[in-house]
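For reference, the structure discussed in these notes is given below.
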Amino acid sequence: MPTTQIPRSALELKPGARRCATYAQLIRNVNRHGPIPFDGRFFKTGSRVEESDLRPDPEWPETPLLIEYAGNDRSGRGHRRANDIHVLWKFEHHEWIEIDRITSQGPEWWHHLQPAVLRELAAPLVNLAELAGKATDRILDMLDRELDVLEDDGRKRVMSFLYDQFTARMTNLAA
């Protein structure tokens, strides 16, 4: 079973410096009205887990989302509070991709991240390779039907014309 490492964005400390507690929460859903912003499962940052643990059952989002509390920036002195760092991650193609990051003092971090989490949870999973494959099949079926009604010379002319047109389009895509 493939494994992955839970993100760990905590700032590196000087030797002997006190560590901040950090955590990561795998998001199951958003609590719009509750005191806790997200339901989910907690992990230790930097720990290795099986990829299957990121979606324990079909009730969990297909694309795993994770909120990481990465500690604070240690900017606080005296009565001034340090800024907490929260990072939103999603797990795609066997890697963690950072979606958003916020530095805040207090609970406003989740008001900032909540729209991004809702957007990610609502986003349909699109398999671009599958869509491209289906479009290619439809085009080739239509091409075969059109070529079937032509003689050899007509087929060669159509294929030559299509080659020129596809080459021109590929050149425009590359530019």
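Evaluated for a side chain to side chain contact (heavy atoms under 4.5 Å, CB included) with Val117, the options Asp100, Ile27, Ile99 yield exactly one hit, Ile27.
Contact annotation: the side chain of Glu62 approaches that of Arg55 to within less than 4.5 Å [non-hydrogen atoms, C-beta and beyond]. In this structure, Thr63 and Glu92 have side chains that are in contact, with non-hydrogen atoms separated by less than 4.5 Å.
For Asn29, the side chain to side chain contact (heavy atoms under 4.5 Å, CB included) test picks out Asn31, Asp39, with sequence neighbours left out. Residues that satisfy the ring-ring contact (aromatic ring centres under 6.0 Å, His included) test with Trp96, not counting sequence neighbours, are Phe91. Listed by chain and number, the residues in a ring-ring contact (aromatic ring centres under 6.0 Å, His included) with Tyr23 are Phe42, Tyr69 (sequence neighbours excluded).
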Side chain to side chain contact (heavy atoms under 4.5 Å, CB included) between Asn72 and Asp84, intermediate numbers included: CA-CA 4 Å; Asn72 63 55; Asp84 291 329; 3.7 Å; yes
Verdict with supporting geometry, Asp53 and Leu26, side chain to side chain contact (heavy atoms under 4.5 Å, CB included): CA-CA 10 Å; Asp53 291 338; Leu26 186 64; over 6 Å; no
Intermediate values then yes/no, side chain to side chain contact (heavy atoms under 4.5 Å, CB included), Leu147 and Met159: CA-CA 9 Å; Leu147 290 176; Met159 293 304 291; 3.8 Å; yes
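Separation of atoms CG (Leu121) and CZ (Phe38) is listed at 8.5 Å; rounding is to 0.5 Å. Rounding to the nearest 0.5 Å gives a distance of 11.5 Å between CD of Glu120 and CG of Leu113. Interatomic distance, Ile85 CD1 to Thr103 OG1, rounded to the nearest 0.5 Å: 5.0 Å. For the atom pair CD (Gln25) and CG (Leu88), the distance works out to 11.5 Å, reported to the nearest 0.5 Å. The distance from atom NZ of Lys90 to atom CD of Glu95, rounded to the nearest 0.5 Å, is 11.0 Å. To the nearest 0.5 Å, the span separating CG on Leu143 from OG1 on Thr136 amounts to 12.0 Å.
Taking a 4.5 Å side-chain heavy-atom cut-off between Ile, Leu, Val, Met, Phe, Trp and Tyr, the cluster of Ile97 contains only that residue. Listed by chain and number, the hydrophobic cluster partners of Ile139 come to none, as no ILVMFWY side chain reaches under 4.5 Å of it.
Nearest approach of Gly71 to Thr22, heavy atoms of both residues: N-CG2, 3.8 Å. Closest non-hydrogen pair, Thr3 versus Glu51, comes out as O-OE2, 3.9 Å. A pairwise comparison of heavy atoms in Arg101 and Ser9 identifies NH2-OG, 3.9 Å as the closest pair. Trp60 and Gly40 make their closest contact through CH2-CA, 3.8 Å (heavy atoms, listed as atom of the first residue, atom of the second, distance). In terms of heavy atoms, Ile6 sits closest to Ala24 at CG2-CB, 3.5 Å.
Counting only residues at least two apart or in different chains, salt bridge (Lys or Arg N to Asp or Glu O under 4.0 Å) contacts with residues 145-160 comprise Asp152-Arg155, Asp153-Arg157.
A 6.0 Å sphere centred on CZ of Arg48 holds more than 12 heavy atoms belonging to other residues, nucleotides or ligands.
Listed for the Gln5 side chain is a donor-acceptor partner under 3.5 Å among the backbone atoms of Gly46.
Taken together through direct or relayed side-chain contacts under 4.5 Å among Ile, Leu, Val, Met, Phe, Trp and Tyr, Leu162 and Val149 form part of one hydrophobic cluster.
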